[in-house]
Peer 1: 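Take a look at this one; I'll ask things after.
Throughout, residue positions are numbered sequentially from 1 according to the sequence presented.
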Amino acid sequence: MSNNINPVIMAGGSGSRLWPLSRQLNPKQFLPLADGMQSMLQATIQRLQGLDIAMPRLICNEQHRFLAAEQLRQIGMEQASILLEPVARNTAPAIALAALQACGEEEDPILLILAADHLIHDVPAFHASIQAALPLARAGKLVTFGIVPSHPETGYGYIEKGVAVGDGFAVSRFVEKPDLATAAEYLASGDYFWNSGMFMFRASRYLEELGRFQPAIAAACREALAGGSQDMHFIRVDAEAFAACPEDSIDYAVMERTADAVMVPLDAGWSDIGSWSALWDVSAKDAEGNVFKGDVLSECSCNSYIHADHRLVAAVGVEDLVIVETKDAVLVTHKSQVQDVKKIVEQLKNGRRHEHASHREVYRPWGVYDSVDSGHRYQVKRITVNPGAKLSVQMHHHRAEHWIVVSGTAKVTNGDKTYLVTENQSTYIPIGQVHSLENPGVIPLELIEVQSGSYLGEDDIVRFEDKYGRA
């Protein structure tokens, strides 16, 4: 029986309340929202340094796999396995997949379940709570971490503590998000803690309790993992079996039903950064209570969060506002109404607009492209191809492409010809021509792509060969 701590990082979710920075294809866990240059996912993994842990394993959506892999590579974690969910089924099935996979690699490890989008300021206090939880997890308890509340919060569920158990407490009950008066009562009593969504337990104990209370989830996850495959560090499960899995959270499926739930307090400057006002709360402010990111000028403004991604943003006489500018969208909202940003995202979805899903800049396993301009029957993109990377061998039924190299060297396959294109040179790819683009050099390849044709959607790509498994 292993006593190793196996971190499991859950990196699903869309972060729609943090639109327009957070988008479906690049959600908040992959963004550097807090102070510093690291993404929230990278910060989650880095704060584990100093603990005796195994290599982390990541759970993320299929569509985020290359973004996740690149961020792991940037912090030297390219050996970490990445479990891919073909569809979202909430936390209980996701954790079951991780538990099953971990048990296949070592004898009954201890899992530390963390969310990729949490902020924790006091890392030593975080480590201390993990160490306090370890004996309880070793003894077969299912540990949840309860955040010591700092104010009456209506946006979180709560955990009521029971009798002391080791360095923790038995869970008396879980309660849903309260109204403000009830939250104030909880705070005054000292018996209630915010539900953090972080856990620690033996893999076998979680699977045992899941099988007892939600056998259909346990069975579906076993079938999905058994029918899966491994592609590099990606663990793919059987999509059909996992799609048939019931959807449920770990709280509802297990933690609220088991007799072995215990809570360990965590007082470490925690936030789930669930909204723009929450990000304002945890950010360093100027003398007027403002948080400015990027090129911002202000006159007589106070208590506001202003983020300028690509342009100058000037604010005069504003108070308690959130203003967020990106290349293709600007959000202006009062801090008291930031929870309703998700309603704008729903409007974008219902209107079949693309701004809820992606930025102008879209990341691919080979690099990134920026949709600079578009109009009737044409589209212009700035494309960056990483050194040694190659786009798929592909063709298009409805568009031709003209490539102009800005910097670097392109290796182009155009039909039965392969040749190099360097700075200030260009090449043309006719409609229906099989082609590919590669960067054989040691510096990034920058080029301008001009598309023309009757249909310019990203789904007009027929892939014949792809080093990233997309063909």
Side-chain angles (χ1 to χ4, degrees), residues 7-48 56-88 91 94 98 113-120 197-198 232-235 271-276 278-279 282-283 293-294 307 309-310 324 326-329 331 341-342 345 348 354-371 384 386 389 468 470:
V8 177
I9 315 296
M10 295 186 293
S14 61
S16 60
R17 291 179 181 87
L18 290 170
W19 183 90
L21 281 190
S22 179
R23 311 262 178 129
Q24 181 179 313
L25 296 180
N26 194 14
K28 69 172 183 174
Q29 58 267 31
F30 300 109
L31 302 176
L33 289 176
D35 294 337
M37 299 300 293
Q38 289 188 326
S39 72
M40 298 192 74
L41 166 63
Q42 291 170 325
T44 298
I45 295 173
Q46 295 287 54
R47 75 172 64 102
L48 295 172
R57 69 188 73 237
L58 188 68
I59 307 173
C60 74
N61 299 335
E62 173 89 17
Q63 60 187 356
H64 299 146
R65 65 193 187 278
F66 297 118
L67 188 57
E70 173 60 19
Q71 292 202 354
L72 290 176
R73 185 197 65 78
Q74 290 172 2
I75 59 173
M77 290 286 176
E78 53 265 48
Q79 298 305 311
S81 63
I82 303 176
L83 267 164
L84 301 179
E85 292 182 287
V87 292
T91 53
I113 311 298
L114 303 172
D117 57 356
H118 289 178
L119 177 67
I120 293 177
M198 296 185 287
M232 297 183 287
H233 297 297
F234 298 129
I235 310 299
S271 173
D272 69 348
I273 311 187
S275 68
W276 287 113
L279 185 55
V282 300
S283 299
K293 304 287 185 180
H307 181 113
D309 227 9
H310 297 281
V324 182
T326 67
K327 281 185 176 180
D328 62 347
L331 168 71
V341 171
K342 63 182 180 181
V345 174
L348 292 170
H354 68 85
E355 290 93 345
H356 76 280
S358 62
H359 291 272
R360 255 183 45 179
E361 290 182 334
V362 177
Y363 289 87
R364 289 289 186 256
W366 43 260
V368 64
Y369 69 79
D370 180 2
S371 298
T384 301
N386 297 329
Y468 309 107
R470 298 173 299 166

Peer 1: Say you draw a straight line from NE2 of His354 to CG of Leu25; how long is it, rounded to the nearest 0.5 Å?
Peer 2: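 The CG atom of Leu25 is 11.5 Å from NE2 of His354, to the nearest 0.5 Å.
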
Peer 1: What verdict does the side-chain contact (heavy atoms from CB on, under 4.5 Å) test give for Ile75 and Ile45, after you've listed the backbone C-alpha separation in whole Å, the side-chain angles of each residue and the deciding distance to 0.1 Å?
Peer 2: CA-CA 9 Å; Ile75 59 173; Ile45 295 173; 4.0 Å; yes

Peer 1: Is the side chain of Ser22 donor-acceptor paired with the backbone N or O of Lys28 at a distance under 3.5 Å, no angle test?
Peer 2: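 Judged by distance alone, yes, a pair lies under 3.5 Å.
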
Peer 1: Count the heavy atoms of every other residue, nucleotide or ligand shown that sit under 6.0 Å from CZ of Phe66, and state whether that count exceeds 12.
Peer 2: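 Buried by this count: over 12 neighbours within 6.0 Å.
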
Peer 1: So, using side chain to side chain donor-acceptor pair (under 3.5 Å) as the criterion, who are the partners of Ser271 when residues are at least two apart?
Peer 2: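 For Ser271 there are no side chain to side chain donor-acceptor pair (under 3.5 Å) partners, ignoring immediate neighbours.
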
Peer 1: Partners of Asn61 by side chain to side chain donor-acceptor pair (under 3.5 Å), sequence neighbours excluded?
Peer 2: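 Residues passing side chain to side chain donor-acceptor pair (under 3.5 Å) with Asn61: none at all.
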
Peer 1: To the nearest 0.5 Å, tell me how far Ser283 OG sits from Leu119 CG.
Peer 2: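 Separation between the atoms: 8.5 Å.
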
Peer 1: Could you tell me which non-hydrogen atom of Ile59 sits nearest to which non-hydrogen atom of Ala94, and how far apart they are?
Peer 2: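 Scanning both residues, the minimum pair turns out to be CD1-O, 3.2 Å.
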
Peer 1: Do Leu58 and Leu72 touch side chain to side chain, with heavy atoms closer than 4.5 Å?
Peer 2: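 The answer is yes, as the side chains (C-beta and beyond) meet within the 4.5 Å cut-off.
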
Peer 1: Does any part of the side chain of Arg57, heavy atoms only, come nearer than 4.5 Å to the side chain of Ser81, both counted from C-beta?
Peer 2: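 In contact.
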
Peer 1: List for me each residue that meets side chain to side chain donor-acceptor pair (under 3.5 Å) alongside Gln63, sequence neighbours excluded, and say none if there are none.
Peer 2: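 Listed in chain order: nothing, the list is empty.
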
Peer 1: Taking atom types as modelled, find out whether Arg364 and Thr384 have a side-chain donor-acceptor pair closer than 3.5 angstrom.
Peer 2: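 Result is no, nothing qualifies.
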
Peer 1: Sequence neighbours left out, what passes side-chain contact (heavy atoms from CB on, under 4.5 Å) with Thr91? Give chain and number order.
Peer 2: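 Listed in chain order: Met10, Ile95, Ser249, Ile250.
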
Peer 1: Answer yes or no: is there a side-chain heavy-atom contact under 4.5 Å between Leu18 and Leu31?
Peer 2: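 No, too far: nothing below the 4.5 Å cut-off.
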
Peer 1: Going by atom types only, do Gln42 and Gln46 share a side-chain donor-acceptor pair under 3.5 Å?
Peer 2: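 Their side chains do not contain a donor-acceptor pair, so the 3.5 Å distance test is not met.
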
Peer 1: Has the side chain of Arg23 got a donor or acceptor atom that lies under 3.5 Å from a matching backbone atom of Ser358?
Peer 2: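 Yes, the answer is positive, given that a donor and an acceptor are paired below the 3.5 Å cut-off.
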
Peer 1: With a 3.5 Å cut-off and no angle check, do the side chains of Ser39 and Gln71 form a donor-acceptor pair?
Peer 2: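 Ser39 vs Gln71: donor-acceptor pair found between side chains.
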
Peer 1: Not counting sequence neighbours, which residues clear side chain to side chain donor-acceptor pair (under 3.5 Å) with His118? List them please.
Peer 2: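 His118 satisfies side chain to side chain donor-acceptor pair (under 3.5 Å) with Trp270 once adjacent residues are dropped.
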
Peer 1: Can you find a heavy atom in the side chain of Asn386 that is under 4.5 Å from one in the side chain of Trp366?
Peer 2: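 No. Closest side-chain heavy atoms not under 4.5 Å.
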
Peer 1: Assess the residue pair Val341 and Leu331 against the criterion (side-chain contact (heavy atoms from CB on, under 4.5 Å)); give the C-alpha distance rounded to whole Å, side-chain angles, the decisive distance to 0.1 Å, and a yes or no.
Peer 2: CA-CA 9 Å; Val341 171; Leu331 168 71; 4.1 Å; yes

Peer 1: Do Ile235 and Ile82 have side chains that approach each other closer than 4.5 Å (heavy atoms only, starting at C-beta)?
Peer 2: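 Ile235 does not reach Ile82 side chain to side chain.
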
Peer 1: Quick one: pull up SG in Cys60 and CD1 in Ile9 and give me the separation to the nearest 0.5 Å.
Peer 2: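 With rounding to 0.5 Å, SG (Cys60) is 12.0 Å from CD1 (Ile9).
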
Peer 1: Could you grab the distance from atom CZ of Arg73 to atom CD of Gln79, nearest 0.5 Å is fine?
Peer 2: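 That separation rounds to 12.5 Å.
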
Peer 1: Apply side-chain contact (heavy atoms from CB on, under 4.5 Å) to Arg360 and list each qualifying residue two or more places apart in sequence or on a separate chain.
Peer 2: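 If we apply the side-chain contact (heavy atoms from CB on, under 4.5 Å) test to Arg360, skipping adjacent residues, the hits are Lys327, Asp328, Asp370.
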
Peer 1: Give me the atom names and distance for the closest heavy-atom approach of Thr326 to Asp309.
Peer 2: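 Smallest interatomic distance, heavy atoms only, reads CA-CB, 3.8 Å.
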
Peer 1: Kindly say whether Gly12 contributes a backbone atom to a donor-acceptor pair with the side chain of Gln29 at under 3.5 angstrom?
Peer 2: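 Flag set: sc Gln29 to bb Gly12 pair under 3.5 Å.
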
Peer 1: Could you work out, with side-chain contact (heavy atoms from CB on, under 4.5 Å) as the rule, every residue matching Arg65, not counting sequence neighbours?
Peer 2: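 With neighbours one apart ignored, the set is Glu62, Leu84, Phe234, Arg236, Arg470.
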
Peer 1: For a 4.5 angstrom cut-off between non-hydrogen side-chain atoms, does Tyr369 reach Glu361?
Peer 2: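 With C-beta onward as the side chain, the pair stays apart.
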
Peer 1: Are His307 and Leu21 close enough that some pair of their side-chain heavy atoms sits under 4.5 Å apart?
Peer 2: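 Side chain of His307 against side chain of Leu21, heavy atoms only: contact under 4.5 Å found.
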
Peer 1: So which pairs with a foot in residues 78-87 pass salt bridge (Lys or Arg N to Asp or Glu O under 4.0 Å), sequence neighbours left out?
Peer 2: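 Of all non-adjacent pairs touching residues 78-87, none passes salt bridge (Lys or Arg N to Asp or Glu O under 4.0 Å).
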
Peer 1: side-chain contact (heavy atoms from CB on, under 4.5 Å) between His64 and Phe30: does it pass, once the steps are laid out?
Peer 2: CA-CA 9 Å; His64 299 146; Phe30 300 109; 3.8 Å; yes

Peer 1: Mind listing the closest non-hydrogen atom pair of Met40 and Thr44 along with its distance?
Peer 2: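 Nearest pair, atom of Met40 first, then Thr44: O-OG1, 2.8 Å.
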
Peer 1: Val345: which residues meet the side-chain contact (heavy atoms from CB on, under 4.5 Å) condition with it, sequence neighbours left out?
Peer 2: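 Residues passing side-chain contact (heavy atoms from CB on, under 4.5 Å) with Val345: Ser16, Trp19, Lys349, His356.
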
Peer 1: Hey, does Asp117 have a side-chain heavy atom less than 4.5 Å from the side chain of Asp272?
Peer 2: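 Heavy-atom side-chain distance check fails, nothing below 4.5 Å.
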
